Colleague: 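Quick one: structure below, then a few questions.
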Amino acid sequence: MLGRQSRSMTNTQNPPDARPLFVSALDQLSLLMNDVTPADLDRPTPCEGWAVRDLLAHLVGVEDRIVHIAGGGTPAEMPAHVSGIADDGWAAAWNDRLEPLRTVVADTDPARMVVHPAGTMPWAIAIGIYASELVTHTWDLARALGVDDTLNQQLAAGVLPQMQRALPPEPRGAEIGVPFGPVVAVGADATPYEALVGWLGRNPEWMAA
């Protein structure tokens, strides 16, 4: 979960339209969601303490939350993780939510104020944050499945500058509301995805034990 961001993310004036980036991130993640099998659900992920099952439960919960806050609700009214999904039902749970999700993303006024977990902000900024979350969690899932070499690096490049502006390299820590680890340094030849996950405190070379 990406959690709370710095105030710079919520105070942007006239933010760019993040909807195309969000839709592209959603499309990429949907391909992976449809490839997960019941045999994959207990695989570990780069999200500490989360197996693939936990990550999927969170991602489906994100779908619900986006639709809910677009309609005027608050994140606290929707669980961060869904429950009750059968092992062979994750793709269907994800896909059943796609049409209403795409509709609210396209139709909600970018200037409308919504309540995101990081605070109250215009819809345009909220959907940009959610785009970053989808792009990042797609790497988590792809890495867990061993297919991260198939990811679209342009999507990571599209959200990396925003995350570098919004999330300072320090201080960090869940106890101060910034639930990210220290920046993991990457080389000059790092891919955009490696740079992104390193900035977020993940190890780009993470492998399942």
Side-chain angles (χ1 to χ4, degrees), residues 1-5 18-108 114-118 123 126-148 150-152 155-156 159 179-180 193 196-197 200 202 206 208:
M1 184 174 180
L2 292 191
R4 293 187 176 275
Q5 314 296 327
R19 288 176 296 181
L21 179 61
F22 177 89
V23 170
S24 294
L26 188 67
D27 290 343
Q28 175 176 246
L29 179 53
S30 293
L31 293 175
L32 278 183
M33 294 290 285
N34 283 284
D35 281 344
V36 176
T37 70
D40 296 320
L41 296 177
D42 292 325
R43 290 174 179 262
T45 75
C47 301
E48 186 175 357
W50 285 10
V52 167
R53 186 191 313 275
D54 304 303
L55 180 55
L56 300 189
H58 174 62
L59 289 169
V60 174
V62 168
E63 288 185 295
D64 289 342
R65 275 191 167 185
I66 294 173
V67 173
H68 187 68
I69 70 169
T74 68
E77 295 165 345
M78 300 295 290
H81 290 69
V82 299
S83 59
I85 308 297
D87 284 358
D88 61 353
W90 287 105
W94 176 263
N95 293 328
D96 287 348
R97 290 163 167 82
L98 284 177
E99 184 175 351
L101 174 58
R102 293 182 188 278
T103 298
V104 299
V105 169
D107 293 351
T108 303
V114 299
V115 182
H116 181 274
W123 175 247
I127 207 62
I129 300 175
Y130 277 122
S132 300
E133 182 164 8
L134 293 190
V135 169
T136 302
H137 281 322
T138 298
W139 180 86
D140 293 326
L141 180 57
R143 191 72 176 179
L145 300 176
V147 295
D148 52 296
T150 67
L151 297 182
N152 184 345
L155 292 178
V159 302
F180 298 89
Y193 253 111
L196 173 64
V197 299
L200 296 175
R202 290 160 166 79
W206 178 92

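Bear in mind the structure is a predicted one, so any value in this text is a computation, not a measurement.
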Colleague: List, one per line, each side-chain donor-acceptor pair under 3.5 Å for residues 67-78, sequence neighbours excluded.
Modeller:
unit_1, atom_1, unit_2, atom_2, d
H68, NE2, E77, OE1, 2.7
E77, OE1, T74, N, 3.0

Colleague: Mind listing the closest non-hydrogen atom pair of H58 and A80 along with its distance?
Modeller: ND1-O, 3.0 Å
Colleague: Could you tell me which residues satisfy ring-ring contact (aromatic ring centres under 6.0 Å, His included) with F22, sequence neighbours excluded, listed by chain and number?
Modeller: none
Colleague: D54: which residues meet the salt bridge (charged side-chain N to carboxylate O under 4.0 Å, His left out) condition with it, sequence neighbours left out?
Modeller: none
Colleague: Return the set of residues passing side-chain hydrogen bond (donor to acceptor under 3.5 Å, both in side chains) with D64 (not counting sequence neighbours), or none when no residue passes.
Modeller: R97
Colleague: With side chain to side chain contact (heavy atoms under 4.5 Å, CB included) as the test, would you mind laying out the steps for V60 and I85 before giving the verdict?
Modeller: CA-CA 10 Å; V60 174; I85 308 297; 5.6 Å; no
Colleague: For the residue pair A25 and A131, what are the closest heavy atoms and their distance?
Modeller: CB-O, 4.2 Å
Colleague: Of all heavy-atom pairs between V105 and R19, which one has the smallest distance, and what is that distance?
Modeller: O-CD, 3.0 Å
Colleague: What class does the angle between the rings of H81 and W50 fall in, given that below 30° is parallel, 30 to 60° is tilted and above 60° is perpendicular?
Modeller: perpendicular
Colleague: Rounded to the nearest 0.5 Å, what separation is found between the OH atom of Y130 and the CD1 atom of I66?
Modeller: 5.5 Å
Colleague: What's the shortest heavy-atom distance between W123 and V104, and which atoms?
Modeller: CZ2-O, 3.8 Å
Colleague: Hey, are the side chains of Q28 and L151 touching, using non-hydrogen atoms and a 4.5 Å cut-off?
Modeller: yes
Colleague: Tell me whether Y193 contacts the main-chain N or O of V135 through its side chain, where contact means a donor paired with an acceptor under 3.5 Å.
Modeller: yes
Colleague: Hey, what do you get for CZ (R202) to CG (D140), rounding to the nearest 0.5 Å?
Modeller: 4.0 Å
Colleague: Before giving the answer on side chain to side chain contact (heavy atoms under 4.5 Å, CB included), spell out for T45 and L141 the whole-Å C-alpha distance, their side-chain angles and the decisive distance to 0.1 Å.
Modeller: CA-CA 7 Å; T45 75; L141 180 57; 6.0 Å; no
Colleague: Between atom CG of L59 and atom OG of S30, what is the distance when rounded to the nearest 0.5 Å?
Modeller: 10.0 Å
Colleague: Might you point out which heavy atoms bring M33 and A91 nearest each other, and give the distance in Å?
Modeller: O-CB, 4.0 Å
Colleague: At their closest point, which heavy atom of P117 faces which heavy atom of R65, and how far apart are they?
Modeller: CG-NH1, 3.9 Å
Colleague: Mind checking what makes side-chain hydrogen bond (donor to acceptor under 3.5 Å, both in side chains) contact with T37, not counting sequence neighbours?
Modeller: D40
Colleague: What is the distance from atom OG1 of T138 to atom CG of N152, rounded to the nearest 0.5 Å?
Modeller: 10.5 Å
Colleague: To the nearest 0.5 angstrom, please state how far the CG atom of D96 sits from the CG atom of L101.
Modeller: 12.5 Å
Colleague: Under the side-chain hydrogen bond (donor to acceptor under 3.5 Å, both in side chains) test, which residues partner D27, sequence neighbours left out?
Modeller: R102
Colleague: Rounded at 0.5 Å granularity, tell me how far CH2 in W90 sits from CG in L56.
Modeller: 6.0 Å
